[in-house]
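Heads up: the structure comes next, in structure tokens.
Each chain gets a letter, A, B and so on, in the order the sequences are listed, and its residues count up from 1.
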There are 2 protein chains.
Amino acid sequence: MTPNEKITTNGLRLTAPRKKILAVFSHQAHPISFEEYASLDTTMDKSTFYRNMQTFEAANIIQGIESDEGKRYFELSDTIHPHFVCQQCHNITCLDETPIPKLNGYHVNSITYKGQCPQCSDL
Amino acid sequence: MTPNEKITTNGLRLTAPRKKILAVFSHQAHPISFEEYASLDTTMDKSTFYRNMQTFEAANIIQGIESDEGKRYFELSDTIHPHFVCQQCHNITCLDETPIPKLNGYHVNSITYKGQCPQCSDL
DNA sequence: ATTCTAATGCAACTCAGTTGCAATTAACCT
DNA sequence: AGGTTAATTGCAACTGAGTTGCATTAGAAT
């Protein structure tokens with residue numbers, strides 16, 4: 001599905017900010033915060049960004065995850081995978097090869113591990 | 001280890017707020033936010049609470065987890081177990097029987113599942 | 001082309017969590 | 001036991017991620 005199709009098939013209007021947002025996210029290998037997004041698209045308005053994050057989350061186009069520093073990070077939700085949040089360096093890693101365990105009775109959308117990443121464990 | 005020992009073995013001073021905090025947390029079956037804590041201990045100061053959460057997290061006495069609403073929840077860290085955050089009703093459930101999977105190279109301290117809990121899935 | 005309504009952009013706001021600092025007090029030492 | 005000192009408290013002021021109100025803009029449908 002093309003970025004434009006993702007937008008229109010959900011009954012959403014095809015606007016310039018939305019196309020830009022999906023274009024920027026398609027180049028990311030990790031979830032990013034608004035702060036990081038803004039450094040890649042300096043003209044984006046904060047409200048427009050956050051409102052579209054809510055819209056895209058509801059439409060299952062984008063997925064948000066909470067860092068250990070009380071900030072939200074976002075990424076495209078077309079590849080579902082666990083994340084690792086390092087409590088020392090605060091980086092968020094995608095665990096692309098790690099399966100998501102099932103839980104009886106629960107509908108699991110995502111998993112987040114917290115701890116020390118390999119770099120920080122070695123020190 | 002008694003609550004008082006938890007405090008003193010870490011070189012921390014045995015103060016009234018700290019004893020109260022550990023007493024209140026010892027009665028909780030779920031992680032709680034400051035808002036919930038404050039309803040159980042109406043005289044606790046916000047700064048004192050948050051500063052002690054940092055101190056207790058560093059001393060491994062208390063563990064914090066991030067809700068999907070950008071708030072921190074806290075619980076005693078003597079029973080390590082995964083948590084489930086419901087994205088619909090926003091309740092945080094302790095998954096006491098669920099094991100914490102290992103991850104090669106990473107030091108895992110906690111796991112959080114997100115999705116819909118059984119109650120919200122049934123609707 | 002016109003209309004209608006969703007979406008944008010700006011400024012003002014909210015509120016969880018933090019920080020500065022003076023007052024307090026736990027722990028240590030004769 | 002009383003005095004000293006540094007950790008801790010409690011209050012008020014601050015911070016900053018995220019939200020909201022509202023007038024303006026611009027998709028999309030007729």
(request) Return yes if a side-chain donor-acceptor contact under 3.5 Å exists between A:H83 and A:E75, otherwise no. (result) yes

(message) For C:dG17 and B:Y50 - does any side-chain N or O of the residue sit under 4.0 Å from the phosphate oxygens OP1/OP2?
(response) yes

(message) Counting only side-chain heavy atoms from C-beta out, which of D:dT8, D:dT19, C:dC10 sits nearest to B:T15?
(response) D:dT8

(message) Does either side chain, that of B:T43 or that of B:D41, offer a donor lying less than 3.5 Å from an acceptor on the other one?
(response) yes

(message) In this structure, how many angstroms lie between the C1' atom of C:dG17 and the CZ atom of B:F74, rounded?
(response) 9 Å

(message) From CZ of B:R13 over to P of D:dT9, roughly how many Å is that when rounded to an integer?
(response) 10 Å

(request) Ignoring backbone atoms, test whether A:T48 places a side-chain nitrogen or oxygen under 4.0 Å from the OP1 or OP2 oxygen of C:dG9. (result) yes

(message) Closest-nucleotide mapping onto DNA chain C: is A:S47 or A:A16 further toward the 5' terminus? I mean the 5' end.
(response) A:A16

(request) Take atom CD of B:E69 and atom P of C:dT14, then tell me their distance rounded to the nearest Å. (result) 19 Å

(request) Using the closest heavy atom to pick a nucleotide of DNA chain C for each, name whichever of B:S33 or A:T43 lands nearer the 5' end. (result) A:T43

(request) Report yes or no: is there a donor-acceptor pair, N or O only, under 3.5 Å between the side chain of A:R51 and the base of D:dG18? (result) no

(request) Send over the distance from A:L14 CG to D:dA26 C1', rounded to a whole Å. (result) 12 Å

(request) Report the nucleotide, chosen from C:dA7, D:dG10, C:dG9, that has the shortest atom-to-atom distance to any side-chain atom of A:R18. (result) C:dA7

(message) Whole angstroms only, please: what is the CZ-P distance between B:R72 and D:dA17?
(response) 15 Å

(message) For the backbone of A:R13 and the side chain of A:R18, can you confirm whether one donor and one acceptor N or O come within less than 3.5 Å of each other?
(response) yes

(message) Just N and O in the side chain of A:Q54: are any of them under 4.0 Å from OP1 or OP2 of D:dG18?
(response) no

(request) Let me know the distance between NZ of A:K19 and P of D:dA26, rounded to the nearest Å. (result) 13 Å

(message) Reading DNA chain D from 5' onward, which residue's closest nucleotide shows up sooner: B:P17 or B:K46?
(response) B:P17

(message) Whole angstroms only, please: what is the CG-C1' distance between A:L12 and C:dT8?
(response) 14 Å

(message) For residues B:M44 and B:F56: do they belong to one hydrophobic cluster (side chain heavy atoms under 4.5 Å, members Ile, Leu, Val, Met, Phe, Trp, Tyr)?
(response) yes

(message) Given 3.5 Å as the limit, does a donor-acceptor pair link the side chain of A:H30 with the main chain of A:Q28, or not?
(response) no

(request) Could you check how far NZ of A:K71 sits from C1' of C:dG17, rounded to whole Å? (result) 14 Å

